[in-house]
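Notes to accompany the following structure.
Throughout, a chain's letter reflects where its sequence line sits, starting with A, and its residues are numbered from 1. Keep in mind that what you see is a predicted model, and the values were worked out from it rather than measured.
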There are 2 protein chains.
Amino acid sequence: MLTLERKALILETLNSEGRVVAKDLSQKLDLSEDTIRRDLRELAAEGLLQRVHGGALPASKALTDLPTRRKTAVSDKTAIAKVAAAMVKNGQIVFLDGGTTAVAVARALPLELNATAVTHSPDIAVALLDHPGIEIELVGGRIYKHSNVTVGAVAMEGIAHIRADIYFMGVTGVHPEQGLTTGSREEAAIKRSISRQSAETIVLASHEKLGAVSAYDVISLDQVDGIIVERNCAREFSDAMASKGVSLIKA
Amino acid sequence: MLTLERKALILETLNSEGRVVAKDLSQKLDLSEDTIRRDLRELAAEGLLQRVHGGALPASKALTDLPTRRKTAVSDKTAIAKVAAAMVKNGQIVFLDGGTTAVAVARALPLELNATAVTHSPDIAVALLDHPGIEIELVGGRIYKHSNVTVGAVAMEGIAHIRADIYFMGVTGVHPEQGLTTGSREEAAIKRSISRQSAETIVLASHEKLGAVSAYDVISLDQVDGIIVERNCAREFSDAMASKGVSLIKA
DNA sequence: TTCTTTCGTGCAATATCGTGCATAATCAAG
DNA sequence: CTTGATTATGCACGATATTGCACGAAAGAA
């Protein structure tokens, strides 16, 4: 990767996300943090951004309000996203669900990765657009507006013709007794279908999902191959899941 | 291989990929890196590209001005978009293809309208998300990243099962003699297919498209039912089209 | 406070660059 | 066809740029 290209990417990220973190950039670009820091220092010297401890902020202060709010919502999930992204290997076909956590996974995929991403979420497709090594396959169908994913017979049929290596599933509730649940019948059906077509099913469960139960069953706990939770996951929940034979992956 | 030919190839690669790397070029062309570097130096001396350590970038400035360009481009198209949006009646099925003009149409649809929008562009789907009365149907397939629309066999099949009342088609070139053209073979095929499935085909042509010709034919002028152009459309172009029996709709 | 993370600088290893020069290819005129 | 001139190409080598690591300083968090 060319230096100027990298700097342009940093500025672009800064524009779209409102801030950049040195460590994240070094992971994503597969470079040492020293190099990233050098870039940030040089960009700051040119007045193109404002250096802060840990990363950088836009040079102008005008736009900082909205992006920050949005960023905090997402940043809680970046730890889970990074662990998930690291599970994807070159050449694999990965299915990404809808939802903010899955978008975070999409953004966390290393730039040097070559893989195929299948998704029924337009948001995911857009998030992956400028990833050079990812081929994007979009599943068509009627858009379920509440979650912004495609559902219905057309989506089911589209999924039926795809086999993925790994599926990152987002759900509304993860409960030791009730299993995995979500808030819409159609989404539940889609998720079941995707899971059947995938060699591995990994659940992404940010803290507010733990112990929660929603209206519609998705699949039972013994059908998933892993659940990624935040590091500070409640001990009580962790033990309850362990007693069900489900081991959690802590981010 | 001739030197000039090689330089042309380098510039072409630079245009399509946004960058060139000296080592990659030397491997691809089976020449020493020295020769490539010489070429790059000479092209840089002519101002045709920007030399950087490791390769070269386009002569035009950084990517930072791209978002702004994109934004202004959209705002210029609102006049066309409003006229198009006003053509949609309650209960109709409308096909919107990719491109900034189509996004503008999506945004311009009256809030009280109830209709179904079919699209192969994730951008359009997202733009329509908070429109209460629009049912969104997304056509799946492989994402063609340059335009951010789905293409390929899957998309073609998805389109084959839908009949729309009206199709708003975006193109790269509208020419009195050459007809409608676009820059990618796959997109051209998709557009043809959509047009066949739609009762009416309306072309959205912002000023920079008028008189332009791109690489791939889409459909001939007598297959379209209307072309929406900006109000200040050149008289000369308007007359040339009229002599072909095509009447323009001025926004 | 103490501890952890991040920063900045110096330094060594590697990659890339530019120049000079020798060889090979191309071409025009005889 | 041959010859000489011009150009293109590859190689060598010193110069410069980039990167990662080490270590002490500084900033934040507990």
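If you measure from atom CG of B/L29 to atom P of D/dG10, you get 11 Å, rounded to the nearest angstrom. Remark: P of C/dG8 and CZ of A/R41 are 5 Å apart, rounded to the nearest angstrom. Look at NZ on A/K23: it is 20 Å from P on D/dA27, rounded to the nearest Å. Spacing between atom CD1 of B/I36 and atom P of C/dC17 amounts to 11 Å, rounded to whole angstrom units. Separating the CG atom of A/D24 from the P atom of C/dT5 is a distance of 15 Å, rounded to the nearest angstrom.
A pairwise comparison of heavy atoms in B/I143 and B/P122 identifies CD1-CG, 3.8 Å as the closest pair. The two residues A/P176 and A/F237 make their nearest non-hydrogen contact at CD-CE1, 4.0 Å.
Residues A/S195 and A/M169 are in side-chain contact: their nearest non-hydrogen atoms beyond the backbone lie under 4.5 Å apart.
Tested against B/L25, the residues B/T35, B/V20, B/D39 include a single side-chain contact (heavy atoms from CB on, under 4.5 Å) partner, B/V20. Checked against A/L180 for a side-chain contact (heavy atoms from CB on, under 4.5 Å), the options A/V203, A/T201, A/T172 give a single hit: A/V203.
Under 4.0 Å is where a charged nitrogen must lie from a carboxylate oxygen, and between A/R235 and A/D239 at least one such pair does.
Comparing the axis of the opening five pairs of the helix from C/dT1-D/dA30 to C/dG30-D/dC1 with that of the closing five pairs yields an angle of 40°, rounded to 10°.
Using a 4.0 Å heavy-atom distance criterion, A/V21 is classed as making no nucleic acid contact.
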| How does each nucleotide of nucleotides 13-20 of chain D score, in 5' to 3' order, for protein heavy atoms under 4.0 Å: base (B), sugar-phosphate only (S), or none (-)? | ----SSBB
